[in-house]
Protein chains: 2
Amino acid sequence: MTRRTPRPRERGIPEATVARLPVYLRALQSLTERGTPTVSSGELASIAGVNSAKLRKDLSHLGSYGTRGVGYDVEYLIYQISRELGLTQDWSVAIVGAGNLGRALANYGGFGTRGFRIAALFDADPAVVGDEVAGLSVRHIDTLEDVVSVEKVSIGVIATPAAAAQGVCDRFVSAGVTSVLNFAPVVLSVPDGVDVRKVDLSIELQILAFHEQRKADGHEGPGWIGALEA
Amino acid sequence: MTRRTPRPRERGIPEATVARLPVYLRALQSLTERGTPTVSSGELASIAGVNSAKLRKDLSHLGSYGTRGVGYDVEYLIYQISRELGLTQDWSVAIVGAGNLGRALANYGGFGTRGFRIAALFDADPAVVGDEVAGLSVRHIDTLEDVVSVEKVSIGVIATPAAAAQGVCDRFVSAGVTSVLNFAPVVLSVPDGVDVRKVDLSIELQILAFHEQRKADGHEGPGWIGALEA
DNA sequence: ACGCCCTTGTGAATGCGCGCACAAAGTGGG
DNA sequence: CCCACTTTGTGCGCGCATTCACAAGGGCGT
């Protein structure tokens, strides 16, 4: 088979690579703000906190966008990664749960700048409905289906208490949402074809506690005193 | 030296297993509330959303705590996992950043019930210092070192804007904190012996966007040139 | 034009994690 | 007491991910 077209990607980018692309993207954007035109894999890897061979292999999955002896063109690489991640188009996001976390998410500025538009913020509590948060008026959860359909929401964010999460998820799914980001501490079950990613604050702390305990077991000393000194 | 304690395993629990133990723990706690005395690997795996063989292998890393033909004793397993994760002791947590996210974290109830105590909430903005959040008075960031030492804080949570994160992290580290949970969208650099875990909302959304785009590519027409079809 | 030096892109080796499938072990009924 | 049934614990093979190390490729000075 002769390869006429550049053939950028073979339909299969490893999941681990996908998870790192946003990190590279952020590093590249900080470089562009500093006016750096090109960057080597070593520098970029250092900024992103990864091994340089890993970075090169990751980028090679997108295509050959570097120049040997020189490095990568920052602007061009930003465009290629953005395109691969689907950030050249806009995605509508709906958040359910206007508690502390939901409001924090709605106010988080990092979304808008990267192709994500918060289309709506829902809550079940009538006392909160109508509140103004981040330029949005909190809507009642019963309007979820309508809004998802009208605003073409494709990503749903669940920031409710655990007990409500599966119900909200089901409503998202039957309204046609196929990607869910879940902050509630429950395991959601969804049909095939729907992606769920979980962010669980309490789990992260427990993992840290495990390692912390192990450190203490090893030294058996007061771990948090005098690790410093020079 | 004979060891009285069962001494479950050597010092090697796989990282992937550690990350799942909190999930099992939560599933077990929901079973205990329902009064279930024992549970099989199949049931528990189903609740936790994992393969049953994987669950058994995970638990086998802690020791042989099941009974063949019966299953696992719920209470006993809860205790063993808690002990392994270090949740039988209390951990003091300090949060820096009393913005929306910091407040959400401070108000999140799931911590206190699992051996985590929020010792303090800091902010750099004098306008916020003194605010009452979740029963805590927001303290000025300059008191961080004192509080970390007095309250024996071992886990630091960073919920600041990106620009402030590395500085806060450095102060945590030199005050003796050896575990950091970072919500700011930056890659933190820390010396050896300090653990950092990252929670990045924007990265999660970007990963979802990637998969969402791929789903759309498959069903709709070819994005650019028909790589599909024979 | 030529050769030196730099950096990319990737073959190959290693290690880790997952899941199947089965032997070992314990329970309960007859 | 024995047998059939249930469920654990794990040996094994497979595939993915990470890292090393190096050949291929391109720029630049002379």
Side-chain angles (χ1 to χ4, degrees), chain A residues 3 6-24 27-28 31 36-74 76-77 80-81 84 187 207 210, chain B residues 6-24 27-28 31 36-74 76-77 80-81 84 187 207 210-211:
Chain A
R3 43 197 173 104
R7 188 66 94 181
R9 57 190 191 277
E10 295 285 344
R11 280 302 176 213
I13 297 185
E15 196 54 36
T17 295
V18 174
R20 281 187 296 264
L21 288 181
V23 180
Y24 303 154
L28 287 164
L31 284 174
T36 314
T38 63
V39 66
S40 72
S41 65
E43 292 174 70
L44 187 53
S46 160
I47 299 176
V50 300
N51 180 297
S52 74
K54 177 151 60 180
L55 183 139
R56 287 199 298 276
K57 186 155 287 190
D58 282 343
L59 294 185
S60 78
H61 286 117
L62 314 187
S64 281
Y65 296 141
T67 306
R68 294 170 195 243
V70 176
Y72 300 89
D73 182 278
V74 173
Y76 187 53
L77 199 49
Q80 291 298 342
I81 294 180
E84 197 65 45
V187 178
I207 296 172
F210 170 83
Chain B
R7 193 50 101 188
R9 269 297 186 271
E10 303 96 39
R11 291 309 173 115
I13 296 183
E15 196 53 37
T17 295
V18 173
R20 281 186 295 265
L21 289 180
V23 181
Y24 304 154
L28 288 164
L31 285 173
T36 313
T38 62
V39 66
S40 72
S41 65
E43 293 173 70
L44 187 53
S46 161
I47 299 175
V50 302
N51 179 294
S52 73
K54 178 152 62 180
L55 183 140
R56 287 198 298 277
K57 189 161 289 188
D58 283 343
L59 295 185
S60 79
H61 286 117
L62 314 186
S64 280
Y65 296 139
T67 307
R68 293 170 196 240
V70 177
Y72 299 89
D73 182 277
V74 174
Y76 188 53
L77 198 50
Q80 291 299 343
I81 294 180
E84 197 63 44
V187 178
I207 296 172
F210 170 82
H211 292 295

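Given the structure is predicted, the values throughout are model-derived calculations rather than measurements.
OP1 or OP2 of D:dG9 sits under 4.0 Å from a side-chain N or O of B:Tyr72. Note on A:Ser41: every side-chain N or O is 4.0 Å or more away from OP1 and OP2 of C:dT7. Regarding contacts with the backbone of C:dG9, a side-chain N or O of A:Ser64 is found under 4.0 angstrom from either OP1 or OP2. The side chain of A:Asn51 contributes an N or O atom lying less than 4.0 Å from OP1 or OP2 of D:dC20.
Relative to the side chain of A:Ala53, the nucleotides C:dT7, D:dT10, D:dC20 differ in distance, and D:dC20 lies closest. Of the candidate nucleotides C:dC18, D:dT19, D:dT10, D:dT19 has the atom nearest to the side chain of A:Lys57.
B:Glu15 places its CD atom 16 Å from the C1' atom of C:dC18, with the value rounded to the nearest Å. At whole-Å resolution of the value, CG in A:Leu77 and C1' in C:dT7 are 15 Å apart. Atoms CG (B:Leu62) and C1' (D:dG9) sit 13 Å apart, rounded to a whole Å. Rounded to an integer number of Å, the gap from NZ of B:Lys54 to P of C:dC16 is 17 Å. Look at CG on B:Asp58: it is 13 Å from P on D:dT10, rounded to the nearest Å. What separates CG of B:Leu55 from C1' of C:dG19 is a distance of 13 Å, to the nearest Å. One interatomic measurement links the two molecules: NE2 of A:His61 to P of C:dG9, which rounds to 12 Å at whole-angstrom precision. Counting to the nearest Å, the P atom of C:dC16 and the CD1 atom of B:Ile13 are 15 Å from each other.
Taken to the nearest 0.5 Å, the CD1 atom of A:Ile207 stands 9.0 Å off from the CG atom of B:Leu21. One distance of note links CG of A:Leu28 with OH of A:Tyr76; it measures 13.5 Å at 0.5 Å rounding.
Across all their heavy atoms, B:Tyr72 and B:Arg56 have their closest contact at OH-CG, 3.8 Å. Taking all atoms of both residues into account, the shortest heavy-atom contact from B:Tyr24 to B:Leu44 is O-CD1, 4.5 Å.
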side-chain contact (heavy atoms from CB on, under 4.5 Å) between B:Val23 and B:Val50, worked out: CA-CA 10 Å; B:Val23 181; B:Val50 302; 6.0 Å; no
Taking it one step at a time, do B:Thr38 and B:Asp73 satisfy side-chain hydrogen bond (donor to acceptor under 3.5 Å, both in side chains)? CA-CA 4 Å; B:Thr38 62; B:Asp73 182 277; over 6 Å; no
Contact string for nucleotides 22-30 of chain D, one letter per nucleotide 5' to 3', B = base within protein heavy-atom range under 4.0 Å, S = sugar-phosphate only, - = neither, reads --BBSS---
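The side-chain hydrogen bond (donor to acceptor under 3.5 Å, both in side chains) test applied to A:Glu43 returns A:Ser40, not counting sequence neighbours.
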